[in-house]
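Since the structure comes first, as structure tokens, the remarks are kept for the end.
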Amino acid sequence: MDKKYTTTRALALRIAELLTQQGISQYELAKRSILAETTISGIMNERWKTTTLSTIERISDGFGLSISQFLDSPLFDHDKFNN
């Protein structure tokens, strides 16, 4: 059986995946995304239970991706969510 995630957890895992792929830190992502580093760490540590689309757009931009590219991951498959 596949592991189930909350959307918050899936978002944190996707960011972690892309940070590793691109070899950048949370701090660098925050700078590129024009977001506070506490915003990125809050998402990564799942302290934020909701994240706005505009924040996801900024994070996507920070990775040099469109929102659809950012969300194009098995982590976001509907059957993986438990919420």
Side-chain angles (χ1 to χ4, degrees):
M1 181 174 188
D2 287 337
K3 193 168 191 170
K4 299 281 186 175
Y5 301 110
T6 63
T7 53
T8 301
R9 182 71 179 142
L11 182 60
L13 289 171
R14 179 63 170 154
I15 292 170
E17 176 181 68
L18 291 168
L19 288 172
T20 300
Q21 284 178 6
Q22 294 193 9
I24 63 172
S25 66
Q26 289 182 29
Y27 175 75
E28 180 63 26
L29 176 61
K31 285 188 349 185
R32 290 181 181 186
S33 303
I34 313 170
L35 291 167
E37 187 176 6
T38 55
T39 300
I40 301 297
S41 67
I43 294 168
M44 297 293 297
N45 295 321
E46 300 178 52
R47 288 189 308 264
W48 288 24
K49 298 304 175 199
T50 61
T51 303
T52 64
L53 186 57
S54 63
T55 298
I56 294 171
E57 180 178 32
R58 287 176 142 190
I59 291 168
S60 299
D61 287 346
F63 283 121
L65 301 171
S66 67
I67 292 175
S68 62
Q69 289 171 316
F70 178 83
L71 296 174
D72 186 20
S73 166
L75 291 168
F76 297 107
D77 289 350
H78 180 64
D79 62 340
K80 296 260 168 91
F81 293 122
N82 67 3
N83 55 345

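Residue indices begin at 1 and follow the sequence shown. All figures in this text were calculated on a predicted structure; none of them were measured in a lab.
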Distance in Å, [X] [atom1] paired with [Y] [atom2], rounded so as to fall on 0.5 Å steps:
X   : Y   : atom1 : atom2 : answer
T38 : N45 : OG1   : CG    : 11.0 Å
T7  : R9  : OG1   : CZ    : 12.5 Å
I43 : I56 : CD1   : CD1   : 7.5 Å
I15 : L75 : CD1   : CG    : 11.0 Å
E28 : S33 : CD    : OG    : 9.5 Å

Might you point out which heavy atoms bring [X] and [Y] nearest each other, and give the distance in Å?
X   : Y   : result
L29 : I59 : CD1-O, 3.9 Å
E46 : A12 : CG-CB, 4.3 Å
S41 : R47 : OG-NH2, 3.3 Å
S25 : L19 : O-CD2, 3.6 Å

Within the 4.5 Å heavy-atom criterion, are [X] and [Y] side-chain neighbours or not?
X   : Y   : result
T51 : T8  : no
R58 : T39 : no
L65 : D72 : no

Return the orientation label for the F63 and F70 ring planes: parallel under 30°, perpendicular over 60°, tilted otherwise.
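Rings of F63 and F70: parallel, as their planes differ by under 30°.
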
Sequence neighbours left out, what passes salt bridge (charged side-chain N to carboxylate O under 4.0 Å, His left out) with E17? Give chain and number order.
R14

Does any N or O in the side chain of S73 come within less than 3.5 Å of the main-chain N or O of F76, such that one atom is a donor and the other an acceptor?
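Absent.
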
Tell me whether I40 shares a hydrophobic cluster with L53, the cluster being built from Ile, Leu, Val, Met, Phe, Trp, Tyr side chains joined at under 4.5 Å.
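Per the 4.5 Å side-chain linkage, I40 and L53 are co-clustered.
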
